[in-house]
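The analysis underlying the following values was restricted to heavy atoms, covering all of them including side chains, and did not include hydrogens, waters or symmetry mates.
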Amino acid sequence: MTSATIATADPAYSIRAGRAALDANHPQKALDAFQRALDDIAADPARYDADRVAALAGKGYAALWLGNEHQAESSYRQGFAIAHSEADKKTMAVGLARALIGLGRPREAYDTVAPYRKVDHEAALQAAIAANLLGWNVLGAQDLQDAAPDGVYPGPNWLKALYRYADDYLQYGLAPKVNVGVHYSSDIDHNINQIYSADVLWPGKPLSDPRLNPTFWQLGYQQTQITDSVGQVGLSAIRGGWNSTPNRNWQYSINGGIGTSGHWVYGTVDSQLLYTPSDRWGLNLGVQREPIRTFTAVQNHILVNTVDAGGFYRLRNVATVGADYFHQSFSDGNQRNGVVIKATPEFVSLGRWPVSLGIQGYYRQYHSGVVPYDGYFNPRNYREAIGYVIYVQKFSPYWTLRFYSGFGSQTIDGTTSGVRDFFGTLSGLVAPYCALSLTGGYSQIANAYGGGPGYHRSYIEANLSIPF
């Protein structure tokens, strides 16, 4: 930049232009104007440094509008580091919290905005949204009360709409509800599974920290119909348990039941323990017990008991890596040990649209012992490696579409074949009436219930949750 250009530079003019562009609903023009202001400031910091906080705040706001949370995080973080007044610190903290929520880091978002949630409406609103994402709905409801003590949010229309969304989700999270689910799958071996379930969940006081979230007790019923080329059989099961949040770091669920098929009576378990002290890392432990869903396996009364333990680590703005070890003990004497590893780089936002793209590397390997019975897929050595392209679109803060396209290979006892895996999920809240999740896919990957090289499986699943 020449001395003549420096002499005519006016970051204050660019800041005003950026604010005018925001008022006119032109976030890209605003972003360009705020960036010009920052370039002018960098050229002569001794003269214009006082304008840096305003330019960073404007750039962060425009970047959020365009859906670029990474750029917004960088701007707000720089602004927070140099802000002197409490008003500027509050503005930067609120913007940074919004960016962190968009980046999937609600714990850091809550900690960032917590010092201001009692003195600022928008800070309290962002705290409530982060608390809801963390499962701290009682705390979130208190923050939402601070955001609008009389139930009417005192802000612009887009924040009023966000307040209503947040209130709907928090009230849904705290309400008793009925969950209804339907699953259908069919594979190339003519194994068809139809699963129908209904559960009632209601909040209670024991076992959870009452300042965070109630304990949710659960009672339900599941009916499974299995049809393949050998025959047809049905499974019926009742189940019950609870989900608990004892403190900000721990969450767990304990669910068990009794199932029957003809004269066969068996026990079921599906329990999880999560330790998540931060957005950066966490640990998990799971225990499951269920029947193998093929006709022959049910006739032979084969159950599989699974214990898995693992965790994740997130390298900020780079990638998240997760790993799990699992051991499966089958009631026919078979033993299986394996690992699952996933690496997911940070997603890339696509400009002004609420769309982001990502990739994921997925690897699974296991070794099985000798199987005395036929009836389910069980190679001695199995390995798969899949690369996924992930498309995510947010239709609103609480309606999201995710679609995975995977290509890779699987090796079954030394024989390698190419595989594809496609699946998608649409989930959201039809406020205030119900929450809905739809999942469907097509996979050539072998699983525990059948298949081999050239395995094909199509499936669809719907879950509806209705508060009452």
Side-chain angles (χ1 to χ4, degrees), residues 1-103 105 108-109 111-117 119-123 125-127 155-156 158-159 162 315-318 346-354 356:
M1 183 176 290
T2 66
S3 58
T5 304
I6 295 174
T8 58
D10 186 356
Y13 173 82
S14 296
I15 291 170
R16 290 193 297 270
R19 290 171 176 170
L22 289 175
D23 291 339
N25 297 323
H26 296 303
Q28 186 60 57
K29 290 183 178 180
L31 185 66
D32 295 340
F34 289 122
Q35 185 59 56
R36 283 197 306 273
L38 288 169
D39 293 340
D40 292 341
I41 294 167
D44 194 354
R47 182 178 181 183
Y48 296 120
D49 199 59
D51 294 321
R52 191 184 300 274
V53 169
L56 287 169
K59 181 181 177 181
Y61 192 96
L64 279 175
W65 194 333
L66 291 167
N68 194 329
E69 285 92 356
H70 287 105
Q71 192 173 33
E73 180 199 4
S74 176
S75 296
Y76 282 122
R77 198 174 290 281
Q78 291 178 56
F80 188 82
I82 63 174
H84 296 296
S85 71
E86 283 301 310
D88 286 340
K89 289 181 180 179
K90 181 181 64 179
T91 297
M92 295 300 180
V94 170
L96 180 57
R98 288 181 58 204
L100 292 170
I101 288 170
L103 291 170
R105 287 147 60 185
E108 189 178 353
D111 293 342
T112 297
V113 82
Y116 308 99
R117 59 192 174 92
V119 297
D120 182 78
H121 297 292
E122 191 175 355
L125 175 57
Q126 297 303 323
W158 72 273
L159 279 177
L162 186 60
L315 186 60
R316 179 176 294 174
N317 294 337
V318 177
E346 289 290 296
F347 280 54
V348 176
S349 301
L350 297 185
R352 67 186 64 192
W353 298 285
S356 57

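In terms of heavy atoms, E73 sits closest to A99 at N-CB, 3.8 Å. For the residue pair F34 and L22, the shortest heavy atom distance occurs at CE1-CD1, 3.9 Å. Residues G95 and L64 share a closest heavy-atom pair of O-CD1, 3.9 Å. The two residues A63 and A72 come nearest to each other via the heavy atoms CB-N, 3.7 Å. Here the closest heavy-atom approach between residue A57 and residue T91 is recorded as CB-CG2, 4.5 Å. Closest approach of A21 and A30 over heavy atoms only: CB-N, 3.6 Å.
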One pair to check against side-chain contact (heavy atoms from CB on, under 4.5 Å): W65 and Q28. What are the steps and the verdict?
CA-CA 9 Å; W65 194 333; Q28 186 60 57; over 6 Å; no
Under the side-chain contact (heavy atoms from CB on, under 4.5 Å) criterion, do Q71 and L31 qualify, and how do the steps go?
CA-CA 10 Å; Q71 192 173 33; L31 185 66; 3.7 Å; yes
Apply side-chain contact (heavy atoms from CB on, under 4.5 Å) to L100 and R77, showing your working.
CA-CA 11 Å; L100 292 170; R77 198 174 290 281; 3.9 Å; yes
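In terms of modelled atom types and a separation under 3.5 Å, the side chain of Y61 and the main chain of P27 share no donor-acceptor contact.
Between R16 and D10 there is a side-chain heavy-atom pair separated by less than 4.5 Å. At least one side-chain heavy atom of K89 sits under 4.5 Å from a side-chain heavy atom of Y116.
Residue R105 holds its CZ atom at 8.0 Å from CG of L96, rounded to the nearest 0.5 Å. Between the CE atom of M92 and the CZ atom of F80 there is a distance of 10.0 Å, given to the nearest 0.5 Å. Here the straight-line distance linking atom OG of S356 with atom CD of E346 works out to 10.5 Å at 0.5 Å rounding. D51 contributes atom CG, which lies 4.5 Å from atom CD1 of I15 (distance to the nearest 0.5 angstrom). Distance check, rounded to the nearest 0.5 Å: NZ of K59 to CZ of R36 gives 13.0 Å. Atom-to-atom distance recorded for L56:CG and Q35:CD is 9.0 Å, nearest 0.5 angstrom.
Side-chain contact annotation: E108 with T112, donor-acceptor N/O pair under 3.5 Å absent.
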